[in-house]
Amino acid sequence: MLQLNYIREKKDEAIERLKIKNFDAKPILDEVLELDNVRRKTQNELDAVLAEANNLAKQVGELYKTGKKAEGDELKNKSTSLKENSKQLEDKLASLEAEQHKLLVQVPNAPSSKVPKGKTPEDNENVYQEGDIPKLHEGAKPHWELASKYDLIDFELGVKLTGAGFPVYKGKVARLQRALINYFLDKATKAGYLEIQPPIMVNEASGYATGQLPDKEGQMYHSTIDNLYLIPTAEVPITNIYRDVIVKAEQLPIKNCGYTPCFRREAGSYGAHVRGLNRLHQFDKVEIVQIAHPDKSYETLEEMREYVATLLRELELPFRILKLCGGDMSFASALTYDFETYSAAQQKWLEVSSVSNFETFQSNRLKLRFKGAEGKPVLAHTLNGSALALPRIVATILENNQTPEGIKVPKVLVPYCGFDLIN
RNA sequence: GGUGAGGUGCCUGAGAGGCCGAAAGGACCAGUUUGCUAAACUGGCGUACGGGUAACUGUACCGAGGGUUCGAAUCCCUCCCUCACCGCCA
């Protein structure tokens, strides 16, 4: 949610920036400010009425105490009429606030000035590429065929147990996933991230604070009997640790990481492009989260970007980094880098990580603040990124590393796996 | 699931219709002093939304929402949550 102050002070800038996201903010922001004027006026009126009522109540108390009952009764009547008035004003204020909030939550985050213009993924800016696209041997297969060839992943069994999008991993690939998780967590810890094991179900309040609710309600699995939601990413519980928290400035940046399974209903996305591991309802991911000082958050973003690049480099996977264009960015993000690895057998790039700076967009809802220089609470910036999501990494490893003899395990994972070849 | 207790500021914890945005202690910050793995003293120390160049000031907030009352942290109702014990159990 954008800050009201920002809109008040820099409406034109906000409108300009939002154009990059192809969002015409003018009508809605105009309305927000109009409501804001009425709101402030109403609050002024209400405060005055309440002040008078408070005053009268005090006087009545005094009069009764000193035995002047008749005078007290007179004032009593007066305050009764004030009460009706204040009731009306209160209702008006509440509905104005609700209306304003309703408009505000429809406005996406204003993108950073570094965000390229554009509408579709084709307009994303390829800012970096590394690694050689492997040349596969004759008869190389996509990962879903490798999965059955070596009896690694059983998609049909997952259907039997749960449904499509819930695969069963077996033997060496199960071990490979465990290895990846441990490797990612070890790396993150070395990079200064505190490891967190959060709950993987969250309540409504948490869902609202990070923005999954109410908009993306249909994207989360919902346990209605307890009114809890399965998390779509560890970002939700980890970021919510800092909901309604005022941290000390010297604590910044706060660096947390966590491994969790992630659950996504992915309602509406079916078809050939979701084959195999490409899109699942349940998958594993290690997430990194940082809470940064507003002056430092873009440095932090670059640091996180470099961190994720290191992981892919060490896994020996060819990857590229895209700076997302305005049209392809998420609602909440101010600047996003997507990481894609090249899947040689599918001959396409697969998104494996997304690293974003949300500036104050999340912290405004979270009420995540730090004590600024003057001792006043200031909204912190939040950032997060996948480091990394497993299924597509697994898919790429299986495909890119296949040889006639079997699938080679990346060197850094061998100590974690205890084997170097899947055959 | 059953029974009981309870939700007050960063923490502990008082308050039981007006003197309460809220005692006291701790933590924290600033200063004074004595000096030395620190102590003592003094002062400061919530958040949000308004008004004001500012000093300052108005309102709201004691789990949430209603109600009673001239007046509610305090009384009543509903809901939520937490803790303890029992039951069940990885």
Side-chain angles (χ1 to χ4, degrees), chain A residues 1-9 32-105 197 199-209 213 222-229 237 240-252 254 261 291 360 363-380:
Chain A
M1 198 162 68
L2 287 180
Q3 289 176 264
L4 194 53
N5 269 342
Y6 173 68
I7 299 172
R8 235 184 260 162
E9 284 159 26
V32 164
L33 288 186
E34 214 169 287
L35 277 168
D36 195 47
N37 280 332
V38 186
R39 194 200 98 230
R40 283 193 280 177
K41 215 178 115 224
T42 309
Q43 191 189 327
N44 260 322
E45 287 172 38
L46 174 63
D47 284 357
V49 173
L50 289 175
E52 198 184 340
N54 286 342
N55 221 318
L56 283 176
K58 255 184 204 144
Q59 289 179 39
V60 172
E62 274 306 306
L63 290 170
Y64 278 175
K65 226 179 249 172
T66 52
K68 297 174 183 163
K69 186 158 185 317
E71 289 173 50
D73 285 343
E74 201 177 307
L75 285 184
K76 245 195 213 177
N77 292 335
K78 209 168 160 192
S79 79
T80 310
S81 70
L82 282 180
K83 202 180 173 186
E84 267 168 48
N85 199 357
S86 73
K87 185 90 194 137
Q88 273 180 16
L89 285 168
E90 251 166 37
D91 291 347
K92 187 178 170 191
L93 186 64
S95 77
L96 284 167
E97 275 168 358
E99 210 176 323
Q100 194 175 42
H101 187 259
K102 204 176 135 197
L103 291 173
L104 238 26
V105 296
Q197 282 186 351
I200 60 173
M201 297 187 93
V202 294
N203 57 26
E204 251 183 320
S206 295
Y208 273 102
L213 295 173
H222 185 193
S223 171
T224 49
I225 190 164
D226 295 306
N227 198 22
L228 295 174
Y229 295 85
N240 268 282
I241 292 172
Y242 305 98
R243 165 156 51 91
D244 293 321
V245 169
I246 302 178
V247 301
K248 296 194 176 116
E250 59 267 28
Q251 287 176 268
L252 301 176
I254 294 171
I291 294 159
T360 60
S363 55
N364 192 26
R365 261 210 218 183
L366 287 161
K367 300 204 175 65
L368 159 55
R369 292 158 294 175
F370 69 96
K371 289 271 188 192
E374 292 154 29
K376 286 262 176 287
V378 179
L379 292 175

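Here is how names work: the chains are called A, B, and so on, in the same order as the sequence lines, proteins then strands, and each is numbered from 1. Predicted model only: the values in this text are computed from it and were never measured.
Taking atom P in both B/rG66 and B/rU74, one finds a spacing of 14 Å when rounded to whole Å. Rounded to a whole angstrom, the distance from the C1' atom of B/rA73 to that of B/rC19 is 15 Å. Using C1' as the reference atom, B/rC62 and B/rG35 are 43 Å apart when rounded to the nearest Å. Taking atom P on both B/rC61 and B/rG21, the two are 10 Å apart, rounded to the nearest angstrom. B/rC10 and B/rA22 have their P atoms separated by 15 Å, with the value rounded to a whole Å. Nucleotides B/rG2 and B/rG71 place their P atoms 39 Å apart, quoted to the nearest Å. Distance check on atom P: B/rU78 versus B/rG87 gives 30 Å, rounded to whole Å. Rounded to whole Å, the separation between the P atoms of B/rC11 and B/rC79 comes to 28 Å.
The side chain of A/Lys83 sits closest to B/rG71 out of B/rG51, B/rG71, B/rU59. Proximity note for A/Ala51 (side chain, C-beta onward) versus B/rC70, B/rG58, B/rG50: the nearest is B/rG58.
A 3.5 Å limit on both hydrogen-bonding distances identifies no Watson-Crick or G-U partner for B/rA73. Across all strands shown, B/rG21 has no partner, as no Watson-Crick or G-U wobble contact with both distances under 3.5 Å is found. If you check B/rC61 for Watson-Crick or wobble pairing at under 3.5 angstrom, you find it paired to B/rG46. With a cut-off of 3.5 Å on both Watson-Crick or G-U wobble distances, the partner of B/rA84 is given as B/rU3. Pair check for B/rC41 finds B/rG31; Watson-Crick or G-U wobble, both atom distances under 3.5 Å. Nucleotide B/rA90: unpaired (no Watson-Crick or G-U wobble partner with both distances less than 3.5 Å). With both pairing distances under 3.5 Å, B/rU68 is matched to nothing as a Watson-Crick or G-U wobble pair.
Remark: A/Asn54 is in phosphate contact with B/rA60, judged by side-chain N or O atoms under 4.0 Å from OP1 or OP2. Side-chain N/O atoms of A/Arg39 include none lying less than 4.0 angstrom from OP1 or OP2 on B/rC49. Applying the 4.0 Å criterion to OP1 and OP2 of B/rC49, one finds that A/Arg40 has every side-chain N and O outside that range. Note on A/Arg8: a side-chain N or O is less than 4.0 Å away from OP1 or OP2 of B/rG50.
Atom CG of A/Leu35 is separated from atom C1' of B/rC49 by 16 Å (rounded to the nearest Å). Atom CD in A/Gln100 sits about 13 Å away from atom C1' in B/rG50, given to the nearest Å. One can place CG of A/Asn44 at 17 Å from P of B/rU57, the figure rounded to the nearest angstrom. One can place CG of A/Asn77 at 13 Å from P of B/rU69, the figure rounded to the nearest angstrom. Whole-Å rounding puts the A/Gln43 CD to B/rG52 C1' distance at 15 Å. Atom-to-atom, CD of A/Glu62 to P of B/rG17 comes out at 19 Å; the value is rounded to the nearest Å. Atom pair A/Leu93:CG and B/rC61:P shows a separation of 13 Å (rounding to whole Å applied). Atom C1' of nucleotide B/rC28 and atom CD of A/Gln251 are separated by 13 Å, given to the nearest angstrom.
Distance alone, capped at 3.5 Å, places no donor-acceptor pair between the A/Arg39 side chain and the A/Glu97 backbone. The main-chain N or O of A/Ala380 is found under 3.5 Å from a side-chain atom of A/Ser363 such that the two form a donor-acceptor pair.
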For nucleotides 46-48 of chain B, which of its nitrogen or oxygen atoms have a protein nitrogen or oxygen under 3.5 Å away, and what is each distance?
residue, atom, partner, partner atom, Å
B/rU47, OP1, A/Lys371, NZ, 2.7
B/rU47, O3', A/Arg369, NH1, 3.1
B/rA48, OP1, A/Arg369, NH1, 2.9

(request) Please report the C-alpha distance between A/Tyr208 and A/Asn203 in whole Å, then the side-chain angles of each, then the deciding distance to 0.1 Å, and finally whether the side-chain hydrogen bond (donor to acceptor under 3.5 Å, both in side chains) criterion is met. (result) CA-CA 9 Å; A/Tyr208 273 102; A/Asn203 57 26; over 6 Å; no

(message) What verdict does the side-chain contact (heavy atoms from CB on, under 4.5 Å) test give for A/Asn364 and A/Leu2, after you've listed the backbone C-alpha separation in whole Å, the side-chain angles of each residue and the deciding distance to 0.1 Å?
(response) CA-CA 7 Å; A/Asn364 192 26; A/Leu2 287 180; 5.9 Å; no

(request) Would you check, one step at a time, whether the test side-chain contact (heavy atoms from CB on, under 4.5 Å) holds for A/Val378 with A/Arg369? (result) CA-CA 5 Å; A/Val378 179; A/Arg369 292 158 294 175; 5.9 Å; no

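A/Leu50 comes within contact range of the sugar-phosphate backbone alone, with a heavy-atom separation under 4.0 Å but no base atom that close.
Each of A/Leu4 and A/Ala53 was matched to the nucleotide of RNA chain B holding its nearest heavy atom; the match closer to the 5' end belongs to A/Leu4. Residue-to-nucleotide proximity on RNA chain B shows that, of A/Asp47 and A/Val60, the 5′-proximal contact is made by A/Asp47.
A/Val247 approaches A/Val245 most closely through the heavy-atom pair CG1-CG1, 3.6 Å. Counting all heavy atoms, side chain and backbone alike, A/Val60 lies closest to A/Lys76 at CG2-N, 4.2 Å. Between A/Phe370 and A/Leu379, the shortest heavy-atom contact is CE2-O, 3.8 Å. A/Leu366 and A/Ala209 make their closest contact through CD2-CB, 3.6 Å (heavy atoms, listed as atom of the first residue, atom of the second, distance).
No more than 12 heavy atoms of other residues, nucleotides or ligands sit less than 6.0 Å from atom CD of A/Glu74.
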